[in-house]
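In each ligand, atom 1 is the first atom listed, and ligand 1 is the first ligand listed. No experiment lies behind these values; they were computed from the predicted model shown.
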Amino acid sequence: MGEIDPAFIQEPEHRPKLRSIEVNEIPVIDLSVYNTGDTKQIASEIGNACKKWGFFQVINHGVPLELRCRVEKVAKAFFDLPIEEKRKVKRDELNFTGYHDEEHTKNVRDWKEVFDMLIQDPTLLPASPEPDDEEITTYTNKWPEYPPEFRETCQEYAREVEKLAFKLLELISLSLGSPANRLGDYFKHQTGMLRFNYYPPCPSPELALGVGRHRDGGALTVLAQDDVGGLQIKEQSSGEWIPVKPIPNAYIINIADSLQVWSNDLYVSAEHRVVVNSERERFSIPFFFFPSHYVTVKPLEELVNEQNPAKYEEYNWGKYYVNRTGSNYKKLEAENIQIHHFKRSD
Ligand code: OGA
Ligand code: NI
């Protein structure tokens with residue numbers, strides 16, 4: 001048994017079975033036809049994937065490979081810096097962006113380091129999770145001094161992935177039987193983040209997790225993973241953890257909480273986690289696509305009727321986000337806020 005800080009050790013029922021990734025079960029969707037305007041077929045493939053898995057991979061997505069390689073290079077260069085240098089851009093009480101190595105998921109420490117940056121700089125968010133507090137805070141990014149091309153590369157990459165995220169929103173709107181522009185308005189002042197995840201080799205990969213089981217809180221996640229593998233999705237029917245096989249230059253897309261609510265549970269925000277290994281470091285780059293802070297999240301009207309009533313009470317995205325963000329960074333006694341807290345009991 002390796003020696004790791006007990007803060008990282010998962011309860012026995014959450015410890016991973018380390019299995020090799022032989023098959024790819026998650027649907028792979030080719031977006032090349034998007035530009036020809038024939039979106040019906042891909043919208044329907046996406047709809048099926050969102051129902052069954054809440055996850056799919058996309059190829060021919062339009063984000064230049066050369067740019068992805070450059071962003072992976074600056075991320076690696078940043079995490080390679082001495083810890084004192086990384087801590088110069090550390091997350092603090094006033095600003096949650098920047099470097100962090102003490103994230104907890106479900107109150108167990110994750111075996112990883114992260115760097116977070118806002119896609120809109122500045123981004124407006126509620127000052128507190130209190131429902132009656134109307135104060136808004138402006139957040140701006142922290143940028144490291146090294147590597148020197150870090151900021152520009154990240155901004156360029158975020159712009160390209162954002163285009164893909166809007167494309168996917170259109171296809172998801174169509175897949176729900178709504179007009180292509182149905183969801184786009186919710187993202188006019190989007191509050192999303194680009195994150196660099198660095199998972200160092202772990203001496204006890206059977207006891208810890210890179211990221212513990214969780215669902216993403218936003219609308220949609222567009223994730224670049226390298227060739228190491230480690231992401232696992234909980235299959236709804238069997239409860240089994242299914243690994244996502246890395247496909248070079250593909251993006252992994254997952255439905256997050258607001259989309260589950262907008263779709264009135266037609267689509268799932270699936271539980272997922274990351275296993276680590278003792279040999280290779282792993283990098284991943286999620287782009288978390290979040291609505292504007294003032295958006296009220298509730299099941300889309302066109303999906304609700306007498307036979308099929310709304311399954312959720314509405315909630316304000318900004319308050320939900322700030323509530324979750326505040327609770328991610330420390331060990332708490334209680335579970336942080338989740339969409340099931342808004343679920344109607346009928
Ligand atoms: C996350 C996440 C998966 C990965 O950061 O929310 O699920 O493969 N990451 O790093
Ligand atoms: Ni996640």
**Item:** Whether R273 lies under 4.0 Å from ligand 1, heavy atom
**Value:**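 It does not, in that no heavy atom of R273 comes within the 4.0 Å cut-off of ligand 1.
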**Prompt:** Where do L220 and L259 come nearest, in terms of heavy atoms and distance?
**Reply:** CD1-CD1, 3.8 Å
**Prompt:** Would you call the rings of W317 and F290 parallel, tilted or perpendicular, where under 30° means parallel and over 60° means perpendicular?
**Reply:** tilted
**Message:** Quick check on contacts: which atoms of ligand 1 are under 4.0 angstrom from a heavy atom of H272?
**Reply:**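 Matching atoms, with element in brackets: 7 (O).
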**Item:** K86/E113 salt bridge by N-O under 4.0 Å criterion
**Value:**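 Salt bridge present between E113 and K86.
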**Request:** Report, in ascending order of atom number, the atoms of ligand 1 lying under 4.0 Å from any heavy atom of F288.
**Result:** 1 (C), 5 (O), 6 (O)
**Request:** May I ask you to identify, for D216, whether its side chain, its backbone, both or neither come under 4.0 Å of ligand 1 on a heavy-atom basis?
**Result:**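 Looking at D216 and ligand 1, just side chain atoms fall under 4.0 Å.
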**Asked** Salt bridge check: are K88 and E85 linked by an N-O gap of less than 4.0 Å?
**Response** yes
**Prompt:** Quick one: nearest non-hydrogen protein atom to atom 6 (O) of ligand 1, plus distance?
**Reply:** H214 NE2, 3.0 Å
**Request:** Could you tell me which atoms of ligand 1, counted from 1 in the order shown, lie closer than 4.0 angstrom to a heavy atom of N197?
**Result:**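 The atoms of ligand 1 under 4.0 Å from a heavy atom of N197 are 5 (O), 9 (N), 10 (O).
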**Prompt:** Any idea which atoms of ligand 1 are less than 4.0 Å away from a heavy-atom of V274?
**Reply:** 3 (C), 4 (C), 8 (O), 10 (O)
**Message:** As an exercise, identify every atom of ligand 1 less than 4.0 angstrom from a heavy atom of L231.
**Reply:**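 Checking each atom against L231, I get 3 (C), 8 (O).
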**Asked** Near Y199, which atoms of ligand 1 are under 4.0 Å from a heavy atom of that residue?
**Response** 4 (C), 9 (N), 10 (O)
**Message:** Tell me whether Q225 reaches ligand 1 (any heavy atom closer than 4.0 angstrom to a ligand atom).
**Reply:** no
**Message:** Regarding R159 and E162, does a basic nitrogen lie under 4.0 Å from an acidic carboxylate oxygen?
**Reply:** no
**Request:** Heavy-atom contacts with R282 under 4.0 Å: which atoms of ligand 1 show up? List them by number with element.
**Result:** 4 (C), 8 (O), 10 (O)
**Prompt:** With W262, which of Y267, Y312, Y186 fulfils ring pair (Phe, Tyr, Trp, His ring centres under 6.0 Å)?
**Reply:**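 Checked Y267, Y312, Y186 against W262; only one passes ring pair (Phe, Tyr, Trp, His ring centres under 6.0 Å): Y186.
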**Message:** Below the 3.5 angstrom mark, is there an N/O of K112, backbone or side chain, next to an N/O of ligand 1?
**Reply:**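 No: no nitrogen or oxygen of K112 is under 3.5 Å from one in ligand 1.
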**Prompt:** Where does the angle between the aromatic ring planes of F187 and F166 fall among parallel (under 30°), tilted (30 to 60°) and perpendicular (over 60°)?
**Reply:** perpendicular
**Of I42, D30, V28, L168, the residue whose pairing with V58 passes side-chain contact (heavy atoms from CB on, under 4.5 Å)** = L168
**Item:** SB check R91 D116 (cutoff 4.0 Å)
**Value:** yes
**Message:** With a heavy-atom distance limit of 4.0 Å, tell me whether L223 approaches ligand 1 through its side chain, its backbone, both, or neither.
**Reply:** side chain
**Asked** So, E72 and K76, do they make that salt bridge, N to O below 4.0 Å?
**Response** no
**Complete:** Per-atom filter on ligand 1: closer than 4.0 angstrom to a heavy atom of P286 are 5 (O)
**Fill in**
Taking the Ni ion (ligand 2) as the apex, H214 NE2 and D216 OD1 span an angle, rounded to 10°, of 90°
